[in-house]
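Just so it is clear, the model here is predicted, and its values are computed rather than measured. Whatever order the structure lists them in is the order used to number ligands and atoms, beginning at 1.
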Amino acid sequence: MGDGALVLFSGGQDSATCLAWALREFGRVETLGFDYGQRHRVELNCRAALRDGMASPRLGPDHVLALPVLGDISETALTREAEITVAANGLPSTFVPGRNLVFLALAAALAWRRGLRHIVLGVCETDYSGYPDCRDDTVKAMQVALNLGLDARLVLHAPLMWRDKRATWALAHELGGDALVELIRRDSHSCYRGERTPRPWGGGCGACPACDLRARGWAAYATGHDDPAP
Ligand code: ZN
C-alpha cells in the first residue's frame, strides 16, 4: 500500500481546507463524496469548482458514492416533514446519527481498493459538540476497528480536530495564501438549507446554524480577533 491519501470531500469549508492540506502532505490525493439527497446536490456542484481551483499533478480522480439510504433514515424522511428544522442542540432534522461512521467504513473500503494508505477527514470537536461521531476518540477508535476489519494499516487524519473556524481560515491562508482563502470562501458550501445567496463569508441563507458559525468564523479571521460570542 502506497502513501497516497483519500480525502472525504463534501465541498464544505472544512473538507476543502483538508484537500489543500492533503495536497501538501501526500504525493497522490484522491477525493470521495457521498450523494444522499436533493439538498446536498449543491455541495456536490461546489466540489468540482474547488477541485478545479486546486488542480495539481498530485490530484487524482474524484469518486462519488450514491447513498440514498441515508436520506431514508433522516428525521425529515421519517416524519414526512418537508421543512428542515433545527433542534435546540443545533443539529438539523436531516442529520443522521452516526453518519461519519458509515462514511469512514466506505472510505476505508475504497482506500483499500485504491491502494491509498491515508484517509483525511474534516471533522472537528471545537465547533460541533453535538456530533459525537466527529470526536477525536471516535476517529481513533474507528482507525483501530477499520484496521482490524480490513487487516490493513490505514492512518486516519483529522487536521482540523482542534481548530475553530477562524483557525481553519488561517490554515487555508498558510497553505495557499489569499488565493486559496478566496477560492474556499467563494466556492465552498456550508448552509444546511442548500442556499447560495452571496454573503461576505461565502454563499448561504445567513440564518441556519451552519451559516451563523461560518459568518462568525469569517468575521473573526477577517478582523484578526477571537471568535465572538453568539
Ligand atoms: Zn444557511
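Residues satisfying the side-chain hydrogen bond (donor to acceptor under 3.5 Å, both in side chains) criterion with Ser15, sequence neighbours excluded, are Ser10.
For residues 176-186, every residue pair satisfying the side chain to side chain donor-acceptor pair (under 3.5 Å) rule, not counting sequence neighbours, is listed here: His173-Asp178, Glu182-Arg185. Here salt bridge (Lys or Arg N to Asp or Glu O under 4.0 Å) pairs that include residues 136-149, with residues two or more places apart or in two chains, are Asp136-Lys140.
When the options Leu175, Asp14, Leu59, Leu50 are evaluated for a side chain to side chain contact (heavy atoms under 4.5 Å, CB included) with Leu19, the one that passes is Leu59.
When atom types are taken as modelled, the side chain of Arg99 and the backbone of Leu70 share no donor-acceptor pair closer than 3.5 angstrom.
With no hydrogens or angles considered, no side-chain donor-acceptor pair links Ser56 and Arg24 at under 3.5 Å.
Tally of protein N, O or S atoms closer to the Zn ion (ligand 1) than 2.8 Å: 4.
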